[in-house]
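Comments concern the structure below.
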Amino acid sequence: MSALLSARDLRVVIDGLHILHGVDLDVAPSGVTALLGRNGAGKTTTVKALLGLVPRTGAVAFDGAEIGALPTHLIVRRGIGYAPEDRGIFAGLTVAENLRLAERDATPAYDLVHELFPELKQRAGQLAGSLSGGQQQMVAIGRTLLNGNRLIVADEPTKGLAPKIVAEVADVLARVAETVPVLLVEQNLALVRRVAGTCAVLADGRTAHQGDAAELLADEDAARRLLGVGSHRPAPEVTP
């Protein structure tokens, strides 16, 4: 299948520092594509480059159309939702206000968001800054689901979360990916094993591997060489 989102020779230089040295990436048109790599490999920078949040060179195409020269707001309007690594929550606003700010479609999909995250409906009037880390992540992912996006980009959605909440996020990602493709930046290999169909691995700002996620994680030597860790750890439960 043709990639929904693709990048070729993606390069980023910030303040004279070369961060990406020619990343190639293909995001599958369905399911979850995981973007993997050790700390400092360039994963978050790659995501920001795809979205035009940092200066970049190279070719970026979404659904066959070149978007590499577009500013971020026009890329987002093409149908890409982004849940950033720091969650991007407005702490002084309520949950409802955080969601309302993300509305783009005439009829936002609140039914879907509240089905996946019933807590957000229950806590609609609560200040987002008083939420737990897991609840704030629900807000971040929920915002991406309001607008009928054609691709969700989630940057380390389980970072800093308790194991129980990691399992809940994994469940949500699996359900979301049934209808909307997901580009998932993640360090938790158990979660990746559970939800990802394909993967790309970065090393030193370059693409070191692309292929089937299960095959990579089943190869202990390859996982250790590319990621620096073994891959055989218990996976969080994802309910059907």
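Scope of the values below: all heavy atoms of this structure, side chains included, with no hydrogens, waters or symmetry mates.
Separation of atoms CG (L183) and CG (D26) is listed at 11.0 Å; rounding is to 0.5 Å. To the nearest 0.5 Å, the span separating OG1 on T158 from CG on L191 amounts to 5.5 Å. Atom CG of L93 is separated from atom CG of N98 by 5.5 Å, given to the nearest 0.5 angstrom. Between the CD atom of Q187 and the CG atom of N39 there is a distance of 4.5 Å, given to the nearest 0.5 Å. Rounded to the nearest 0.5 Å, atoms CG (N147) and CG (D105) are 4.5 Å apart. Put simply, CG on L173 and CD1 on I141 are 5.0 Å apart, with the number rounded to the nearest 0.5 Å.
Residues Q136 and V139 are not in side-chain contact: their nearest non-hydrogen atoms beyond the backbone lie 4.5 Å or more apart. Contact of the T46 side chain with the L35 side chain is registered, since non-hydrogen atoms from C-beta on lie closer than 4.5 Å. In this structure the side chain of H209 reaches within 4.5 angstrom of the side chain of L216, judged on heavy atoms. Between R8 and V60, every side-chain heavy-atom pair lies at or beyond the 4.5 Å cut-off. The closest side-chain heavy-atom distance from V47 to T44 is not below 4.5 Å. At least one side-chain heavy atom of N188 sits under 4.5 Å from a side-chain heavy atom of V166. Side-chain contact between T33 and P181 is absent, with no heavy atoms from C-beta onward closer than 4.5 Å. Within the 4.5 Å cutoff, the side chain of V23 has heavy atoms near those of the L202 side chain.
The shortest heavy-atom contact between L36 and C199 is CD1-CB, 4.2 Å. The nearest pair of heavy atoms linking M138 to L120 is O-CD1, 3.6 Å. The shortest non-hydrogen separation linking R11 to H21 is NH1-O, 3.1 Å. Across every non-hydrogen atom of F62 and G79, the tightest pair is CZ-O, 4.1 Å. Contact detail for V113 and G142: the closest heavy-atom pair is CG2-O, 3.4 Å. Looking at every heavy atom in both residues, L5 comes nearest to L50 through CD2-CD1, 3.9 Å.
Residue-environment remark: CG (D212) exceeds the threshold of 12 foreign heavy atoms within 6.0 Å. Other residues, nucleotides and ligands place more than 12 heavy atoms under 6.0 Å from the NZ atom of K43.
V185 and V182 fall into different hydrophobic clusters, where Ile, Leu, Val, Met, Phe, Trp and Tyr side chains are chained together by heavy-atom contacts under 4.5 Å. In the hydrophobic clustering of this structure, L53 groups with I14; members are Ile, Leu, Val, Met, Phe, Trp, Tyr whose side-chain heavy atoms approach within less than 4.5 Å, directly or through other members. The cluster map of Ile, Leu, Val, Met, Phe, Trp and Tyr, joined by side-chain heavy atoms under 4.5 Å apart, puts V153 and L70 in the same cluster. In this structure, L4 is not a member of the same hydrophobic cluster as V180, with clusters built from ILVMFWY side-chain heavy atoms closer than 4.5 Å. Under a hydrophobic clustering in which Ile, Leu, Val, Met, Phe, Trp and Tyr are joined whenever their side-chain heavy atoms come within less than 4.5 Å, directly or via other members, L10 and I80 fall into the same cluster.
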Practice item. Please report the C-alpha distance between V172 and F117 in whole Å, then the side-chain angles of each, then the deciding distance to 0.1 Å, and finally whether the side-chain contact (heavy atoms from CB on, under 4.5 Å) criterion is met. Key: CA-CA 9 Å; V172 168; F117 302 114; 3.5 Å; yes
Practice item. Apply side-chain contact (heavy atoms from CB on, under 4.5 Å) to the pair E168 and I165, showing each step before the final yes or no. Key: CA-CA 5 Å; E168 292 177 3; I165 305 302; 3.6 Å; yes
Exercise for review: Assess whether side-chain contact (heavy atoms from CB on, under 4.5 Å) is satisfied between R104 and V76, documenting all intermediate values.
Suggested key: CA-CA 10 Å; R104 188 176 72 241; V76 169; 3.6 Å; yes
**Study point:** Trace of the side-chain contact (heavy atoms from CB on, under 4.5 Å) decision for I152 with N149
**Key:** CA-CA 7 Å; I152 304 299; N149 285 310; 4.0 Å; yes
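Although no hydrogens or angles enter the test, the distance criterion places a donor-acceptor pair under 3.5 Å between the side chain of R56 and the main chain of A49. Under a 3.5 Å cut-off, the side chain of D219 and the backbone N or O of D221 do form a donor-acceptor pair. Listed for the S130 side chain is a donor-acceptor partner under 3.5 Å among the backbone atoms of L127.
Residue pairs meeting the salt bridge (charged side-chain N to carboxylate O under 4.0 Å, His left out) criterion with at least one member in residues 140-163, sequence neighbours excluded: D63-R150, E85-K159. Every pair passing side-chain hydrogen bond (donor to acceptor under 3.5 Å, both in side chains) that includes a residue from residues 110-124 is listed here, sequence neighbours excluded: E103-Y110, E115-R175, E119-R123, E119-Q135, R123-Q126.
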